[in-house]
Participant: 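Let me give you the structure first, and then I'll get to my questions.
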Protein chains: 2
Amino acid sequence: MALIAPDKENQIPDIVIGRLPVYLRALAYMHQQGKRTTSSSELGRRLGISSAQIRKDLSHFGEFGKQGTGYHVQHLVKELRLILKLDKIWPVAVIGAGFLGHALASYNGFEERGFQIRWIFDTDPTQIGKVINDIPIQSMNELEKTIELETIKIALLAVPAIHAQSVTDRLVDAGVEGILNYAPINLVVPDHVNVGYSDPVVQLQHMTYYINPNEKF
Amino acid sequence: MALIAPDKENQIPDIVIGRLPVYLRALAYMHQQGKRTTSSSELGRRLGISSAQIRKDLSHFGEFGKQGTGYHVQHLVKELRLILKLDKIWPVAVIGAGFLGHALASYNGFEERGFQIRWIFDTDPTQIGKVINDIPIQSMNELEKTIELETIKIALLAVPAIHAQSVTDRLVDAGVEGILNYAPINLVVPDHVNVGYSDPVVQLQHMTYYINPNEKF
DNA sequence: TGTTACCTGTGAAATATTTCACCATTCTAA
DNA sequence: TTAGAATGGTGAAATATTTCACAGGTAACA
Ligand SMILES: NC(=O)c1ccc[n+]([C@@H]2O[C@H](COP(=O)([O-])OP(=O)(O)OC[C@H]3O[C@@H](n4cnc5c(N)ncnc54)[C@H](O)[C@@H]3O)[C@@H](O)[C@H]2O)c1
Ligand SMILES: NC(=O)c1ccc[n+]([C@@H]2O[C@H](COP(=O)([O-])OP(=O)(O)OC[C@H]3O[C@@H](n4cnc5c(N)ncnc54)[C@H](O)[C@@H]3O)[C@@H](O)[C@H]2O)c1
């Protein structure tokens with residue numbers, strides 16, 4: 001009798017998961033434009049990736065298309081939302097009510113895509129109690145209590161870099177499992193916590209490698 | 001005499017280029033903390049990647065370390081800045097002076113990392129002429145003229161999604177070669193133009209795949 | 001009805017990326 | 001001076017990811 005590895009890694013590659021929200025965004029846009037069906041080649045053209053990749057990616061989750069016809073846009077949107085667990089709205093907390101925290105809390109683009117900002121925390125006493133987009137800024141003293149009571153799983157971290165790690169530790173200890181970090185610093189977190197980074201400078205520095213600053217093009 | 005491929009692809013992988021700014025950020029932080037030297041294993045531990053990958057990545061550009069000792073932080077910072085063409089400050093334009101455009105224009109974290117926001121454009125007549133962080137908001141009528149005159153190569157795009165593509169076309173035609181797009185839409189650009197995307201929802205949707213919304217963890 | 005143009009899903013092949021494993025070098029301290 | 005621990009650079013091996021290419025299936029229409 002052969003010995004079988006107990007939990008042979010059979011997971012879907014993370015890089016595939018990372019493309020699904022991009023597909024979803026493009027499909028939702030098509031749907032909004034009134035488009036009924038599309039094909040892997042049309043979608044690929046719009047996104048700048050190959051049609052084979054799109055088909056292969058989707059094939060990890062099932063068969064969503066029809067030969068000769070392509071994909072029914074609305075149906076694929078629905079399937080992708082299910083795969084990404086977007087069938088319920090995720091409540092989200094913003095930490096840091098500075099310029100960026102204000103912009104995030106004022107942004108209306110979250111809700112229709114699966115997220116709602118419901119809490120804002122800050123340490124600054126002059127900020128606490130103010131209201132942004134109907135959400136009152138709360139004291140950081142309330143942080144752990146609120147996260148546990150409301151089962152907050154996702155936070156947007158918009159505090160100065162120097163405080164980002166210590167706030168992260170508090171979030172993780174209280175039960176947060178997904179953090180989108182806007183501070184220009186790498187966070188150290190346990191394995192079960194997902195961290196995303198949003199540092200415009202990192203992206204710009206990636207581009208400058210390819211750009212000649214003088215050349216009139 | 002053998003026939004040699006005229007321009008045998010010998011480029012450094014883009015995925016390697018993309019990690020350099022992350023290394024740079026961590027190293028600059030170490031330097032600021034007064035750290036003189038580091039090693040690939042220490043850096044890897046902080047960034048959550050393997051030491052071998054860091055060494056291999058850097059080896060594409062030269063030999064920057066010393067066996068037994070590691071890397072001199074300040075020296076490696078300098079080398080990475082050169083590789084990424086950050087020895088001069090890149091002037092940057094912001095398009096769209098809404099909530100996000102304001103946050104970006106007010107942000108002081110660009111300059112020490114190689115960028116300076118020097119122009120802000122908007123269509124809204126009630127915004128034009130206002131000043132953010134010493135930068136007057138200009139009319140979009142000035143866009144092409146200014147880009148060409150000042151040789152602007154990089155723009156941050158913070159306009160509503162519906163206008164993002166048409167503004168992009170204008171930027172590209174005028175000579176911009178790097179665009180960091182905050183609108184939740186994919187842009188179509190010619191090959192020589194670099195586009196980065198910053199859509200928090202895409203990143204959150206990536207995370208939710210891995211998170212159980214109820215589980216008290 | 002036959003023909004043609006399109007399309008998906010997928011195993012296999014081709015590429016790309018990461019990791020391994022080791023030599024040479026450097027530093028520390030006995 | 002020597003032994004031992006730490007470290008970088010790097011070919012080769014191991015993995016991961018993308019692309020190819022084709023067997024069906026669908027639709028439109030002459
Ligand atoms: N403004 C931007 O466009 C922008 C762009 C990229 C990155 N960032 C980064 O995002 C973060 C916030 O930027 P900002 O421009 O809003 O800065 P900001 O200084 O305007 O706001 C920071 C806020 O965090 C609060 N804060 C400080 N310590 C805290 C703590 N321990 N717990 C909770 N709140 C705390 C402060 O009271 C303040 O309200 C920074 O790390 C910055 O580098 C900002
Ligand atoms: N606010 C956020 O935190 C946030 C987060 C993620 C993404 N975004 C995205 O960033 C973009 C801007 O967001 P915002 O919250 O600042 O929106 P906003 O409505 O506050 O600002 C948009 C600004 O763009 C200007 N504008 C409109 N059409 C223009 C054109 N053709 N040329 C130049 N300017 C034009 C408007 O006058 C307005 O000032 C949107 O695409 C939004 O989806 C915003």
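By convention in this document, chain letters (A, B, ...) are assigned in the order of the sequence lines, proteins followed by strands, and residues within each chain are numbered from 1.
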Participant: Given C:dT8, is OP1 or OP2 found less than 4.0 Å from the side-chain N or O atoms of A:Ser40?
Facilitator: yes

Participant: Would you please confirm or rule out a distance under 4.0 Å between OP1 or OP2 of D:dT26 and any side-chain N or O of A:Tyr71?
Facilitator: no

Participant: Send over the distance from B:Arg19 CZ to C:dA16 P, rounded to a whole Å.
Facilitator: 15 Å

Participant: For B:Tyr210 and B:His206, take the angle between the two ring planes, folded into 0 to 90°, and tell me which bin it lands in: parallel under 30, tilted 30 to 60, perpendicular over 60.
Facilitator: tilted

Participant: Check this for me: A:Arg170, atom CZ, are more than 12 non-hydrogen atoms of other residues, nucleotides or ligands nearer than 6.0 Å?
Facilitator: yes

Participant: The helix from C:dT1-D:dA30 to C:dA30-D:dT1: angle between its terminal axes, five pairs each, to 10°?
Facilitator: 10°

Participant: Is a side-chain N or O of A:His72 found less than 3.5 angstrom from the main chain of A:Gly65, in a donor-acceptor match?
Facilitator: no

Participant: With distance as the sole criterion, is a donor-acceptor pair present between the side chains of A:Gln53 and A:Asp57 under 3.5 Å?
Facilitator: no

Participant: Counting heavy atoms from C-beta on, name the nucleotide in C:dT19, D:dT26, D:dG9 closest to the side chain of B:Ala52.
Facilitator: C:dT19

Participant: Which whole-number value in Å describes the distance from A:Gln53 CD to C:dT10 C1'?
Facilitator: 15 Å

Participant: Looking for any heavy atom pair under 4.0 Å, which part of the strands does B:Ile15 touch: base, sugar-phosphate only, or nothing?
Facilitator: sugar-phosphate

Participant: Using the closest heavy atom to pick a nucleotide of DNA chain D for each, name whichever of B:Glu63 or A:Ile49 lands nearer the 5' end.
Facilitator: B:Glu63

Participant: Nearest whole Å is fine: how far is D:dA16 C1' from A:Ile17 CD1?
Facilitator: 15 Å

Participant: Rounded to whole angstrom units, what separation is found between the CZ atom of B:Phe64 and the P atom of D:dT10?
Facilitator: 11 Å

Participant: Starting from P on C:dC6, measure out to CD1 on A:Ile54 and report it in whole angstrom.
Facilitator: 18 Å

Participant: Once you round it to whole Å, what is the distance between P of C:dC7 and CD of A:Glu42?
Facilitator: 9 Å

Participant: Under the 3.5 angstrom rule, does the side chain of A:Gln165 hit a backbone N or O of A:Ile185 as a donor-acceptor pair?
Facilitator: no

Participant: Calculate the interatomic distance between B:His72 atom NE2 and C:dT26 atom P; express it in whole Å.
Facilitator: 17 Å

Participant: Quick one: on DNA chain C, does A:Gly68 or B:Val16 contact a more 5' nucleotide (nearest heavy atom)?
Facilitator: A:Gly68

Participant: Would you state whether a donor and an acceptor, one from the side chain of A:Gln67 and one from the base of C:dT8, lie under 3.5 Å apart?
Facilitator: yes

Participant: Between A:Arg25 and B:Asn186, do the side chains contain a donor N or O and an acceptor N or O under 3.5 Å apart?
Facilitator: yes

Participant: Can you find a side chain N or O atom of A:Ser50 that sits less than 4.0 Å from OP1 or OP2 on D:dT19?
Facilitator: yes

Participant: Looking at A:Arg55, does any N or O in its side chain come under 4.0 Å of the phosphate oxygens OP1/OP2 on D:dA21?
Facilitator: no

Participant: Does atom NZ (B:Lys78) have a neighbourhood of more than 12 heavy atoms from anything else shown, all under 6.0 Å?
Facilitator: no

Participant: Expressed as a whole number of angstroms, how long is the span from A:Asp14:CG to C:dT17:C1'?
Facilitator: 15 Å

Participant: Might you confirm whether atom CZ of B:Phe64 has over 12 heavy atoms from other residues, nucleotides or ligands at distances under 6.0 Å?
Facilitator: yes

Participant: So which one's nearest nucleotide on DNA chain C is more toward 5', A:Gly65 or B:Thr69?
Facilitator: A:Gly65

Participant: Does any donor-acceptor pair link the side chain of B:Lys56 with the base of D:dG8 at a separation under 3.5 Å?
Facilitator: no

